[in-house]
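Below: one structure, written as structure tokens.
Model, not experiment: these values are computed from the prediction.
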Amino acid sequence: MSFSLKEQICKKFVLFENLIVFTIQSKNPDFLMFLLLAVIYGITRLPAIFLYPLVRDEAIYSIVITEQILNPTLIPTFLSYSIGWKPQLFYWIYSMFAQLPLPLEIAYRFPSFLFGFATLIPLYYLLRNIGASRNVSFFTLIVFLFSFITVYPHTTVLADSLMFFFMMCGLYFYTDKNPSGWKFTAASFFSFAAFFVKPVIPIMVPLLAIAYYYYGDKKIFKNQIFLLSLLAIPLAFALHYLMLDAVGLAEENYILDISKRLAIADDIGNSIWIALGSFNMLIMSFGIWFALSLFGLWKHWKSNRFMTVWYAMIIFPILTGFYMPWYYLPVMPAISYFAVILLLKWDGKEKMDALFTAFISMAIIATIVLSSFVYFGLYYSYNPEKEAGNFLSGKENVLIIGEYASSVVAYKILGEYRTDGKWKDFGWILILNHDSAAIPDFIEDYHTDKYETKNGSFSSIFTNKTIFRKDTNITKFDYIVIISEETNNTYGSIVFNQSNIIIYDIE
């Protein structure tokens, strides 16, 4: 006698519930929890590491990482020019892993995957430190894992995964139930390290530490080591600013870039547009959990003041994360936490019944489906760039001209580096002001002065919408790669034509 679909689904929910109950009630629940979390982490992240190509900024960062392998420098470089996009610690750590004998995407993304998983340990015990039960801590991590917002930085060449690991280590030591001088010193060390992975955002660590003791043991504010530990972030900022200022990049990275990301726009309309774009990514990536967290916040904020302060910091990614969902990563624990306690706590007691299991399971399935659609979109959008870059790898006298398609450049460079230990010279005109009419003029004369152009250094590509021109000794190009939606001229035989990328073989 066959079971109905409803009965089969109910049986699966009961099995899932029994697995959770067995894990939580076992003699060594923490070990089994992390074992189950490891399985979930691998299932949700391993496919993404190698199934889709390097995308936009991570392609650029991969080139910087490779330059650090060949020539480590105190200030990172891109195409041999100093850049200040991210501090050196990010590139140095990733460069150690990029040399592993693994497929290209996996080698460069493996550190993000590794540190993303390592973060679960300090995050779990941080939640336990602040008084969360084992059930709440465990399910907070499960909700945390099942989100495109966390999957993406854990599977890409971005600094956020490593930065967040250091931040959670710092907060774990700050919130330890038996605070001491060496723990505050460790917290300051991890805060400092986090800033030298990705600046500004790690300021959350000392702010949250202050909030934790303000709502807890105020006597700690008389502890000199604690007070000194709060200076780690200002010290890191001063040191990094002076290092960038020595090469003329401090103003570009700390004034122009930060003001841009804080939505200090020429008009309020643009600021609202930035905030709406950021909020849209949160809803698309974490909508159902975010809605639950709002109700959880409304219901439980008074008894969770520290987590409420953490949740309130969501304002910063809303103002700065314009269509960049990974900007929400530092506040995801708080969002996940309030979503879980809304579902788990009833009348002051934790009730993990079949209804709770069914609801959380269906929400997880919905999140997986949504994330899968996003990844399929990334694959079909950027795989042509990968194929074009692989086609160009090993070819000499190449000119790449047009819109921002960093994967084309990255796969050419990384492919040649992996084969020969170095890459071949090429020309690159990056037109960020969308002036496609300039393409024929640069093809006719690579060094034309007809347009305002930034020569050599690409350090301001994230803040300056102009034309950038790479240095090259090539005088005659054999291949011309045009990346533009508006291409009217023909320059030779077409050997590649996908999406908005056309490669001409100049006969």
* Going by heavy atoms in the side chains, are V331 and Y311 under 4.5 Å from each other? -> no

* Asked: Can you list every salt bridge (charged side-chain N to carboxylate O under 4.0 Å, His left out) pair that touches residues 59-84, not counting sequence neighbours?
  -> none

* Asked: Is a side-chain donor-acceptor pair under 3.5 Å present for Y446 with T472?
  -> no

* D435: what forms a side-chain contact (heavy atoms from CB on, under 4.5 Å) with it, not counting sequence neighbours? -> I431, N433, A437, A438, Y451

* Any chance the side chains of Y125 and S137 put a donor and an acceptor closer than 3.5 Å? -> no

* To do: Scan for salt bridge (charged side-chain N to carboxylate O under 4.0 Å, His left out) pairs involving residues 92-112, sequence neighbours excluded, and state none if there are none.
  => E58-R109, E105-K386

* Give every residue pair that meets the salt bridge (charged side-chain N to carboxylate O under 4.0 Å, His left out) criterion with at least one member in residues 41-54, sequence neighbours excluded. => none

* Asked: Pick from F117, F113, Y41: which one makes a ring-ring contact (aromatic ring centres under 6.0 Å, His included) with H154?
  -> Y41

* Asked: With ring centroids as reference points, do W310 and Y337 lie under 6.0 angstrom apart?
  -> no

* side-chain contact (heavy atoms from CB on, under 4.5 Å) against L242, all qualifying residues, sequence neighbours excluded -> none

* Please list, chain by chain and in numerical order, all residues satisfying salt bridge (charged side-chain N to carboxylate O under 4.0 Å, His left out) with E416, sequence neighbours excluded. => K412

* **side-chain contact (heavy atoms from CB on, under 4.5 Å) partners of P153, counting only residues at least two apart** => D160, W326, L329

* May I have all residue pairs that pass salt bridge (charged side-chain N to carboxylate O under 4.0 Å, His left out) and include part of residues 393-403, sequence neighbours excluded? => none

* For S381, side chain to side chain donor-acceptor pair (under 3.5 Å) partners two or more places apart -> none

* S457: partners by side chain to side chain donor-acceptor pair (under 3.5 Å), with sequence neighbours left out -> S459

* Structure fact -> Sequence neighbours excluded, the answer for salt bridge (charged side-chain N to carboxylate O under 4.0 Å, His left out) partners of D441 is K450

* Asked: Taking only residues two or more places apart in sequence or in another chain, which ones pass side chain to side chain donor-acceptor pair (under 3.5 Å) with Y61?
  -> K86

